[in-house]
Amino acid sequence: MLRHGLITVVFCCLIGSALAISGNGSWESQMVYSLSIGTISWLVIDTGRLILSGNKEVLWPHGLWGYGLVALGVTVGFLAGNAIGDAWVGVPPMEFRNLATRKMTSTIVITLVATIGMCYFFFSLGKSKHMQSQIELAQRNATEARLKLLETQLEPHMLFNTLANLRVLITADPPRAVAMLDRLNSYLRMTLSGSRTLAHPLSAEFDRLGDYLELMSVRMGERLCYTLDLPDDLRDIPVPPLLLQPLVENSIRHGLEPKVEGGEIHVRARRNADRLVIEVSDTGVGLDAAPPSEEGGSGFGLEQVRERLATVFGAQSEMRLAAAPTGGTCATLSFPLPAAAAS
């Protein structure tokens, strides 16, 4: 409302200046008349729209109420504004009635055109803001739906892989299969009991990753070692759920499993200026030596991670997959830190 008032004052000053330049009276008197009529009309209309509005976004009454409010504002503004102007100039009240018909008509027309024009401008401004908020809401809903879809695609992928491994262990090593099943039950209980969210703290992502790696450790035994490195100042950074698990699953399946002696996975989060960098590195067979997967290589999980990053962070996110300096593979994610965490 204050912004509307300031715009109205500026507009009234322009009208008053134009009338004074055109020779319709002194600059001082025209400014008083213009400001009095304009600000009173604005106060009546702007206060009325806040009271009568049925739409909290557009903030404008529907139907005849809107037209009636403009008519009331014009009438009250014209009469009261002229009374104030007459008092300032020192002429009797309602002196405008004695003006020539042509001058009287021009005064009324200016008041009508200026008031209706400003009302239309404010209405368009409010409607544009409302439409923008609706577009942003639709974009958020689309982003949420896309993230949910990606998550539902990732979880069955991980579950099917685990069940396939469990099927093999049931025949080859029943005790280990039982231990793996217990881990799987614990993992699923933790995953399904929590409410679905579009983001959770990085610490929760690392905890979930630890449960998954423990589950894989039951199957691989001493062939799998891992370390999780999360600094305390990054624990509360929000990230999309299931962001890191596909990378770790990729390291196990295409890096460590083909290697007879297995290897190590190291997951590390660090701050780089105003960006969060997460590295998932392994000591597996490396990119060139990794065998092709029956599901099209490691592309499924990695592509899902790229899509999740692009959905949340857009072009500001980055994902790189490269050979690690000490052998194996290193996947690096990078995206902006929230403003509060970056400062």
Side-chain angles (χ1 to χ4, degrees), residues 150-151 153-188 190-191 205-229 241-269 278-308 319-333:
L150 292 173
E151 187 169 346
Q153 290 175 332
L154 282 170
E155 287 180 339
H157 180 71
M158 171 267 173
L159 184 58
F160 293 152
N161 287 343
T162 304
L163 291 176
N165 294 325
L166 184 60
R167 183 178 183 276
V168 174
L169 281 179
I170 289 174
T171 303
D173 193 343
R176 185 176 291 177
V178 172
M180 186 176 185
L181 183 60
D182 291 339
R183 285 287 185 181
L184 179 60
N185 287 335
S186 176
Y187 175 84
L188 293 177
M190 182 274 295
T191 301
E205 183 73 5
F206 268 66
D207 291 342
R208 192 173 190 178
L209 198 58
D211 289 332
Y212 173 76
L213 285 166
E214 283 297 318
L215 181 63
M216 293 298 100
S217 296
V218 175
R219 178 171 59 85
M220 297 184 64
E222 295 181 355
R223 296 180 62 236
L224 172 62
C225 297
Y226 68 88
T227 56
L228 302 176
D229 183 5
L242 283 175
L243 183 65
L244 302 179
Q245 182 177 302
L247 301 179
V248 173
E249 186 177 351
N250 185 71
S251 292
I252 292 175
R253 191 171 187 186
H254 304 286
L256 302 189
E257 283 188 338
K259 195 172 182 179
V260 176
E261 66 274 23
E264 181 179 354
I265 293 177
H266 181 57
V267 183
R268 177 194 177 201
I278 304 176
E279 298 171 344
V280 179
S281 59
D282 64 70
T283 59
V285 296
L287 289 173
D288 296 333
S293 167
E294 295 178 359
E295 298 178 9
S298 60
F300 176 80
L302 298 181
E303 189 61 31
Q304 295 296 79
V305 173
R306 286 192 181 95
E307 287 193 40
R308 292 175 75 79
M319 175 179 169
R320 298 191 306 272
L321 192 66
T326 57
T329 306
C330 180
T332 303
L333 307 182

With Thr227 via side chain to side chain donor-acceptor pair (under 3.5 Å) - residues at least two apart: His266

Atom pair CG/NZ of Asp282 and Lys259 - distance to nearest 0.5 Å: 8.5 Å

Interatomic spacing from OG1 in Thr332 to CZ in Arg320 - rounded to 0.5 Å: 5.0 Å

CD/Glu261: more than 12 non-hydrogen atoms of other groups inside 6.0 Å: yes

Spacing of Asp211 atom CG and Gln245 atom CD [to the nearest 0.5 Å]: 10.0 Å

Reported CG-to-CG distance for the pair Leu302 and Asn250, which is rounded to 0.5 angstrom: 4.5 Å

Flag, side chain of Arg223 to backbone of Leu256, donor-acceptor distance under 3.5 Å: yes

Note, Leu213 side chain near Ile252 side chain (heavy atom, < 4.5 Å): yes

Those residues that, when tested against Glu279, pass salt bridge (Lys or Arg N to Asp or Glu O under 4.0 Å) (two or more places apart): Arg268, Arg270

From CD1 (Ile265) to CG (Leu228), nearest 0.5 Å: 9.5 Å

Nearest atoms (heavy-atom pairs only) where Tyr226 meets Gly210: OH-O, 4.0 Å

Closest contact, heavy atoms only, Glu205 versus Pro241: OE1-CA, 3.7 Å

4.5 Å side-chain heavy-atom contact, Leu247 and Met319: yes

Closest approach of Thr283 to Gly263 (non-hydrogen atoms, all atoms of both residues): OG1-CA, 3.3 Å

Interatomic distance, Leu181 atom CG to Ile170 atom CD1 [nearest 0.5 angstrom]: 7.5 Å

